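Worksheet: the structure to be examined is printed underneath.
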There are 2 protein chains.
Amino acid sequence: MFTLSEENYLKAIYHLELDSDKGISTNAIAEQLETKASSVTDMIKKLSEKKVVVYKKYKGVHLTGLGKKTAANIVRKHRLWEVFLVEKLNFSWDEVHDVAEQLEHIKSPKLINQLDVLLGFPTHDPHGDPIPDKEGNLKTIEKSLLSTLAKNETGICVGVDDSSSEFLQFLDKKGITLGKKITVLEKEDFDDSLSIKVGEEKLSISKKIANNLYIKKI
Amino acid sequence: MFTLSEENYLKAIYHLELDSDKGISTNAIAEQLETKASSVTDMIKKLSEKKVVVYKKYKGVHLTGLGKKTAANIVRKHRLWEVFLVEKLNFSWDEVHDVAEQLEHIKSPKLINQLDVLLGFPTHDPHGDPIPDKEGNLKTIEKSLLSTLAKNETGICVGVDDSSSEFLQFLDKKGITLGKKITVLEKEDFDDSLSIKVGEEKLSISKKIANNLYIKKI
DNA sequence: ATATTTTTTTAGGCAAGTCTAAAAAATAAG
DNA sequence: CTTATTTTTTAGACTTGCCTAAAAAAATAT
Ligand SMILES: [Mn+2]
Ligand SMILES: [Mn+2]
Ligand SMILES: [Mn+2]
Ligand SMILES: [Mn+2]
């Protein structure tokens, strides 16, 4: 149905549309896929003919219903595979992304359904991101960036905004994992750093870290 | 390292070399891959430059040590994935091949090592074919085509020569699966059909079937 | 030994996906 | 409201992998 390259474009547009309701620009897609704007224009025309995006010259693109469903299914596969790698094959959360980028393109509805069964119908991947259901629907939970919590507020770590292995390994080193209870002890004005309690440990983290950690307030 | 297409050529040559020690002909490869001889010639030149095959014009090809190791690793992945699909995802033996054809190209040494662990280091795939070890070595067992058994000889079904889903579903229907005990009751001269006992069931099978079932004599 | 048939290679072309450089349109600045 | 800058599209080219048709080599038959 769709080539590997087409699937990657659909996924990129899907992710970009989660953060914006305007038309997704050629440059934004090019940046996401680390390719050139001219290549994006070429591909957009093909996707438009295949009725998965709506495209008007110079106006950016939007996914159609079909496009959104197709993209969500790829994201579903990506995240289910990530769960599999962590739960069944002892990968750590910083090792799964690149392999999942390959596995998400495997075409077999039975495979993904059975994987879902084997994993016990998980709702979130190892980075706290929701797994779309078969229809492509996402249930989004209320979560806040750690940086938005006030002094003395407490929450559970439920996700990361940056899934790079560098960041994830840094979190491991600090003892911060999904499910950990985090309390803001102090907010420093001059550099926006935070003193926090993670479980029983106290530590200080920079603004950048606090801007990439999602917390569910309790 | 190698493209999907290159990997498929290497695998085809690898399988053909198991049955022949002469140079593998352009036409044989073309037939195996359902492509044209001219395409094969093109690809062989590329593989030759990459030092995975030895090629002399009009003389056919041989895999080099590197080529053989690379191909065996793809076969290893294919067969481990087939075991996974059957053992963990409830696929039947006639459903796994096409999915494994895709999965065998996923690049991640850790993935395949951990899959091996999860599956308990299987030595054979669901069709009775041996799984190459990490170095690419195959341990071949002594097996015979059912058609070569004499009257009153008995053995265990250990493999199939034809893995098409049509044949495998036919075997399912007849109650013939790997591990079943099979005894030759009668050999008919005029059409080479056999009367056999499978477990406790008696049935008659054609020459064609007997030529595609592997038996380990006991 | 020569002619015929089969196999293999070459030549030229096509589609997908990418790139660079240049042109066109849209946006921002003065 | 013009001019300058940024964004996007077009034009043309390249690589990979495939094809058809024709030429060349090898194998087979007479
Ligand atoms: Mn990921
Ligand atoms: Mn993830
Ligand atoms: Mn197979
Ligand atoms: Mn098999």
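We name chains A, B, ... by the order of the sequence lines, and we start the count at 1 in each one. On a predicted model such as this, the values are computed, not experimentally measured, just so you know.
Regarding A:I44, its CD1 atom lies at a distance of 11 Å from the C1' atom of D:dT9, rounded to whole Å. B:L33 has its CG atom 8 Å from the P atom of D:dC18, to the nearest Å. Between the P atom of D:dT15 and the CD atom of B:E49 lies a distance of 13 Å, rounded to the nearest Å. Distance A:L47 CG to C:dA16 P: 12 Å, rounded to the nearest Å. The distance from atom NZ of B:K56 to atom P of C:dT8 is 17 Å, rounded to the nearest whole Å. In this entry the distance linking CD of B:E34 with C1' of D:dG17 reads 16 Å, nearest Å. Residue B:D42 contributes atom CG, which lies 9 Å from atom P of C:dT10 at whole-angstrom precision. In this structure, B:M43 places its CE atom 11 Å from P of D:dC19, rounding to the nearest Å.
Taking 4.0 Å as the cut-off between side-chain N and carboxylate O, A:R79 and A:E104 do not count as a salt-bridged pair. Between A:E95 and B:K110 a salt bridge is recorded (basic side-chain N to carboxylate O distance below 4.0 Å). Using a cutoff of 4.0 Å between basic side-chain nitrogens and carboxylate oxygens, A:E6 and A:K50 are scored as salt-bridged. Using a cut-off of 4.0 Å between Lys/Arg side-chain N and Asp/Glu carboxylate O, A:K107 and A:E7 are scored as salt-bridged. The pair A:K187-A:E153 fails the salt-bridge criterion, with no side-chain N (NZ, NE, NH1 or NH2) lying under 4.0 Å from an Asp/Glu carboxylate O.
In terms of modelled atom types and a separation under 3.5 Å, the side chain of B:T70 and the main chain of B:L66 share a donor-acceptor contact.
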Letter per nucleotide, 5' to 3', of nucleotides 20-25 of chain C [B base touched, S only sugar-phosphate touched, - untouched; heavy atoms, 4.0 Å]: B----S

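Not one side-chain nitrogen or oxygen of B:T3 sits closer than 4.0 Å to the OP1 or OP2 atom of D:dT16. Dashed line: the shortest gap from a side-chain N or O of B:S5 to OP1 or OP2 of D:dC18 is under 4.0 Å. Put simply, B:K57 has a side-chain N or O that comes within less than 4.0 Å of OP1 or OP2 on C:dT10. Put simply, B:K45 has a side-chain N or O that comes within less than 4.0 Å of OP1 or OP2 on C:dT10.
Toward the 5' end of DNA chain C, the nearer of the two residues A:K46 and A:K59, judged by each one's closest nucleotide, is A:K46.
Checked against A:R76 for a side-chain hydrogen bond (donor to acceptor under 3.5 Å, both in side chains), the options A:D116, A:D133, A:D125 give a single hit: A:D116.
Atom NZ of A:K216 and atom CG of A:L178 lie 13.0 Å apart (nearest 0.5 Å).
Looking at residues 17-30 of chain B, you'll see B:S25, B:T26, B:N27 sit with a heavy atom under 4.0 Å from some atom of DNA chain C.
There is a side-chain donor-acceptor pair under 3.5 Å between B:H78 and B:H97.
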